[in-house]
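Comments concern the structure below.
All values below come from the heavy atoms of this structure, side chains included, with hydrogens, waters and symmetry mates left out.
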Amino acid sequence: MTGTGSDRSPRARLRALRPESFGADPTGERLARIRRSPNFADGIFQNPEPARRGPSGSSVEFAKIYFDKEGRSRRAPTGTIPVHPTTVADLARPPATGLRLTWMGHSGVLAEIDGHRVLFDPVWGDRCSPFPFAGPKRLHPVPAPLAALGPVDVVVISHDHYDHLDLPTIKALATTDTVFAVPLGVGAHLERWGVPASRLRELDWNESTEIGELRLTATPARHFCGRGLRNRQMTLWASWVVTGPSHRIFHSGDTGYFSGFKEIGAAHGPFDATMIQIGAYSDFWTDIHMTPAEGMRAHLDLQGGAPAGVMLPIHWGTFNLAPHPWAEPGEGTVEAAAGAAQRVALPIPGEPFEPGAERLPETPWWRPVARVPAGGWGGTALTDGHEPLTDGSPAAADANGEIGEGGAGRASGEPGTDAGRGAPETARTP
C-alpha cells in the first residue's frame, strides 16, 4: 500500500491482509468487556482448573506416533460411513415428545426442544481449516443441505476452533434471521463475516439469554481458543445449557474433564439429554479433551451422580484429529455406558431420535466399516494389534489425505500438531 497516502498504522494494514477465515480480534467495548471478565487474567482467558493447552511431552515422540503408517491406517474407516437417508423428511414432523436431537456429525447437533430449534456448532464445510485446499477433510457428507433444515431459532457456538466455527457455514446462516449465541469475544469473528450485532448474544460463563421460551446459559469448559497464526487467547470457550418449559439439554463443546460438571449439574440439571465430547483425545493433551470414560463420568456428574437421561457422544467420526483409531470413541462409549448402566444414543449421522422415546438408536453402526480390534468388538484391546485392512479398502487413502494437508489439529484448531503451544497455563477458579 506504499504510495497511497494512507495514514493507517502498520498494524491496521496487517489486519487488513489477514485471511477472512481467521476472523477478527475483539476491539472497542467488546475488548473492554473481555478485560472486565472474572475469567480473564494476565492478558488471556483462564480455565476453571489448570490445563495445558498444547501437546505435552516430546514433539518428536508425538510425530513418530502420529505419522506411523500403521497408526494412520487405523484413523480412517475401511468403507463408506453410513448417513441417514431421510433426515429432511423426518425433521418435517414435530417430535412427539417435544425433544428431538439430530447429530449432524462431529459436534454439530440440531436440537428441537419445546417448539424451538437450536443448532449447535454447525460445520457444513468440507474441511475444518482456514483454507479450502488444506486441512482435515470430512469423512462423510453432511446428512442434509443447510438450507433444507428449515428455520433455526438460534445457532450456538462453543468456541472458535475451525472444527466448531466454520466460515462458509456461518456466512450462509448470516443470510437468515437466526440469532447466534456465542462465548465472549467470538462475536468479533461473526461480525466480520456478516452477522449483524443485533443478532448476537455474546455471553461470559454463567451468563444467560432468553430466546423465545428458551433460556441459554454459557457454562464453563476446560479448553482453549484461537484461529490465527498468533493464539492470543482473547475469545472464550464454553459449554452450554438450554432450558425450555419442559426439557433441559447440555452441550459440552470441547473440554477436558473437570470438577465443574458437578456444579453445572447442581445449578442447571438434571438433563433429559447431554451431548458430550468423547473423541480427539490423546495422552499428549489429557487436559483439554475427554476420553469416552471421562465423558461418561462428566455425564453422570451433570445428572447428580447417578444414571439419568440420555447421553449422545459427539466430536468423533467426521474428522481425523487425533492418533486414536477411528472407531475407538464409539466403542469406548459403549463400554463406559455398560459399566455405568447409562442409556446412550448411537445414531448414524443425520438420524433423528427422541431421548424420551422407549427405543433409542443403539446399534454400533461403525463396526461394518471399521477395523476389528485385537480383542474383537466389545473387547478391551482397542488401540493395539489391529487386524490388517481388507483388500481394496480405501482407509489408507483416506488417512493419507489427512497428512500433508494441515494434519490433525494444525488447521482445525485442535492441538494435534501445534507443538508451539506447550507451556502450562496459569489458571484460577472463576
*asked:* Checking Glu191 against Arg30 for the salt bridge (Lys or Arg N to Asp or Glu O under 4.0 Å) test, could you report, in this order, the C-alpha distance in whole Å, the side-chain angles of both residues, the deciding distance, and whether it holds?
replied: CA-CA 12 Å; Glu191 284 194 48; Arg30 178 176 281 117; 2.6 Å; yes

*Are Ser259 and Glu49 close enough, and set up right, to give a side chain to side chain donor-acceptor pair (under 3.5 Å), and what steps lead you there?*
CA-CA 8 Å; Ser259 61; Glu49 292 179 4; 2.4 Å; yes

_Between Arg74 and Trp326, is the side-chain contact (heavy atoms from CB on, under 4.5 Å) condition met? List the steps._
CA-CA 6 Å; Arg74 300 173 187 170; Trp326 173 73; over 6 Å; no

*List the steps and the verdict of side-chain contact (heavy atoms from CB on, under 4.5 Å) for Ile348 and Val83.*
CA-CA 6 Å; Ile348 66 174; Val83 174; 5.8 Å; no

*Under the side-chain contact (heavy atoms from CB on, under 4.5 Å) criterion, do Asp121 and His251 qualify, and how do the steps go?*
CA-CA 10 Å; Asp121 283 357; His251 189 283; 3.7 Å; yes

*Carefully, step by step, assess Val154 and Leu216 under the rule side-chain contact (heavy atoms from CB on, under 4.5 Å).*
CA-CA 10 Å; Val154 55; Leu216 290 83; 4.1 Å; yes

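With rounding to the nearest 0.5 angstrom, the CG atom of Leu139 is 11.0 Å from the NE2 atom of His106. Here the NE2 atom belonging to His164 is positioned 5.0 Å from the OG atom belonging to Ser158, to the nearest 0.5 angstrom. One finds the CG atom of Asn47 at 7.5 Å from the OG1 atom of Thr255 (value rounded to the nearest 0.5 Å). With rounding to the nearest 0.5 angstrom, the OG1 atom of Thr318 is 11.5 Å from the CE atom of Met104. One finds the CD atom of Glu207 at 12.5 Å from the OG1 atom of Thr219 (value rounded to the nearest 0.5 Å). How far OG1 of Thr178 is from CG of Leu119: 7.5 Å, rounded to the nearest 0.5 Å.
Inter-residue side-chain proximity for Val118 and Ile113 is flagged as met; some heavy-atom pair is nearer than 4.5 Å. You'll find the side chain of Arg297 stays beyond 4.5 Å of the side chain of Leu300, heavy atoms only. Looking only at side-chain heavy atoms (C-beta outward), Leu184 and Trp205 stay at 4.5 Å or farther from each other. Inter-residue side-chain proximity for Leu190 and Leu200 is flagged as met; some heavy-atom pair is nearer than 4.5 Å. Counting heavy atoms from C-beta on, the side chains of Thr235 and His189 come closer than 4.5 Å. Considering only heavy atoms from C-beta on, Pro143 stays 4.5 Å or farther from Trp103 through its side chain. Put simply, the side chain of Pro130 reaches to within 4.5 Å of the side chain of Tyr162, judged on heavy atoms. When side chains are defined from C-beta on, Asp126 does not count as touching Lys137, because their heavy atoms never get closer than 4.5 Å.
Arg227 places a side-chain N or O within 3.5 Å of a backbone atom of Asp160 that can act as its donor or acceptor partner. Side chain of Ser239 to main chain of Ser252: no donor-acceptor pair is present (N/O by atom type, distance under 3.5 Å, no hydrogens or angles). With hydrogens and angles ignored, the 3.5 Å screen pairs a side-chain donor or acceptor of Thr97 with a backbone N or O of Leu99. Judged purely by atom type and a 3.5 angstrom limit, Arg192 uses its side chain to pair as donor or acceptor with the backbone of Gly23. Side-chain atoms of Gln342 come within 3.5 Å of backbone atoms of Ala308 as a donor-acceptor pair (strictly under, hydrogens ignored). Remark: side-chain polar atoms of Thr102 are not paired, donor with acceptor, to backbone N or O of Gly350 under 3.5 angstrom. When atom types are taken as modelled, the side chain of Arg201 and the backbone of Ser198 share a donor-acceptor pair closer than 3.5 angstrom. A donor-acceptor pair under 3.5 Å is absent between the side-chain atoms of Ser208 and the main chain of Arg215, judged by distance alone. Panel note: side chain Asp272, backbone Arg248; a donor-acceptor pair is recorded below 3.5 Å. For the pair Arg138 (side chain) and Gly125 (backbone), a donor-acceptor distance under 3.5 Å is present.
Ring geometry, His159 versus His223: the interplanar angle exceeds 60°, so the pair is classed perpendicular (tilted spans 30 to 60°). Relative orientation of the Tyr257 and Phe261 rings is tilted, given thresholds of 30° and 60° on the angle between their planes. Between Phe250 and Phe271, the ring planes are tilted. Angles from 30° to 60° get that label.
With Met311 as the fixed residue, the side-chain contact (heavy atoms from CB on, under 4.5 Å) test singles out one of Arg343, His299, Gln303: His299. Of the options Thr86, Leu110, Leu91, a side-chain contact (heavy atoms from CB on, under 4.5 Å) to Pro352 is made by Leu91 and by none of the others. Tyr281 pairs with exactly one of His315, Glu328, His289 by the side-chain hydrogen bond (donor to acceptor under 3.5 Å, both in side chains) rule, that one being Glu328.
With respect to the salt-bridge test (charged N to carboxylate O, under 4.0 angstrom), the residues Glu20 and Lys171 qualify. Between Glu202 and Arg33 there is no salt bridge, since none of the side-chain N atoms of the basic residue sits less than 4.0 Å from a carboxylate O of the acidic one.
Contact detail for Pro50 and Asp287: the closest heavy-atom pair is O-OD2, 4.4 Å. The two atoms that bring Ala327 and Ala370 nearest to each other are CB-CB, 3.6 Å, heavy atoms only. The two residues Trp365 and Pro347 have their closest heavy-atom pair at NE1-O, 3.1 Å. Nearest heavy atoms, Ala172 versus Leu146: CB-CD2, 3.8 Å. When all heavy atoms are compared, the tightest approach of Pro361 to Glu351 is CB-OE2, 3.8 Å. Scanning both residues, Thr87 and His84, for their nearest heavy atoms gives OG1-O, 3.4 Å.
A cation-pi geometry, defined here as NZ or CZ lying under 6.0 Å from the six-membered ring centre and within 45° of its normal, does not hold between Arg100 and Phe353.
Remark: Arg367 CZ is packed, more than 12 non-hydrogen atoms of other residues, nucleotides or ligands lying under 6.0 Å away. With a 6.0 Å radius and a threshold of 12 heavy atoms from other residues, nucleotides or ligands, Arg359 has its CZ atom at or below the threshold.
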